[in-house]
Amino acid sequence: GLVGNHKGEPFLGPDATPEYVDQLKERIAGHGLTANIVWLHTRHNIPQEQSIAEALRQVELAQRLGLKYLMSGGVDRPDQYDHYHKVMSE
């Protein structure tokens, strides 16, 4: 799976483009591998609408990459729980 932060690899983060995702898919397949999961990065120190848009973009890129699963670790701060749950409900 594609979890964690790796220098120079945006995976499905804000810097990922559809072209990058297509190249990543080819690189993974070129090694005889199949990715099946990616870490869903959500930010909760930004407006809720922006956080939802970022999460949905990651879902779209994950589909483009052919991934079946996205994993979220939630949030640590209690003051972000409601924001997190609203983003995940979308």
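Given the structure is predicted, the values throughout are model-derived calculations rather than measurements.
Connection of Ile52 to Trp39 is not established within any shared hydrophobic cluster, with ILVMFWY side chains joined at heavy-atom distances below 4.5 Å, either directly or through further cluster members. Follow the hydrophobic side-chain contacts under 4.5 Å out from Met71 and you never reach Val38; the two are in separate clusters. Linking ILVMFWY residues whenever their side-chain heavy atoms come closer than 4.5 Å, directly or via other members, places Leu12 and Leu33 in the same cluster. No path of Ile, Leu, Val, Met, Phe, Trp and Tyr side chains, each step under 4.5 Å between heavy atoms, connects Val87 with Ile46, placing them in separate hydrophobic clusters.
Closest of all the heavy-atom pairs between Lys25 and Leu65 is CB-CD1, 3.4 Å. Across all their heavy atoms, Leu24 and Leu2 have their closest contact at CD2-CD1, 4.0 Å. Taking each heavy atom of His83 and Pro47 in turn, the nearest pair found is NE2-C, 3.8 Å. Of all non-hydrogen atoms in Pro10 and Ala16, the two that sit nearest each other are CB-N, 3.8 Å.
Within the 4.5 Å cutoff, side-chain heavy atoms of Arg43 are placed close to those of Gln50. Using a 4.5 Å heavy-atom cutoff, the side chains of Glu54 and Thr42 are not in contact. In this structure, the side chains of Met88 and Leu40 come closer than 4.5 Å at one or more pairs of heavy atoms.
Atom CG of Asp22 sits about 9.5 Å away from atom CG of Leu61, to the nearest 0.5 Å. The distance from atom NE2 of His44 to atom CG of Asp76, rounded to the nearest 0.5 Å, is 10.5 Å.
In this structure, the side chain of Gln58 engages the main chain of His41 through a donor-acceptor pair within 3.5 Å. Between the side chain of Tyr20 and the backbone N or O of Phe11 there is at least one donor-acceptor pair closer than 3.5 Å. A side-chain donor-acceptor contact under 3.5 Å links Ser89 to the backbone of Lys86.
The environment of OH in Tyr81 is crowded: more than 12 heavy-atom neighbours from other residues, nucleotides or ligands sit within 6.0 Å.
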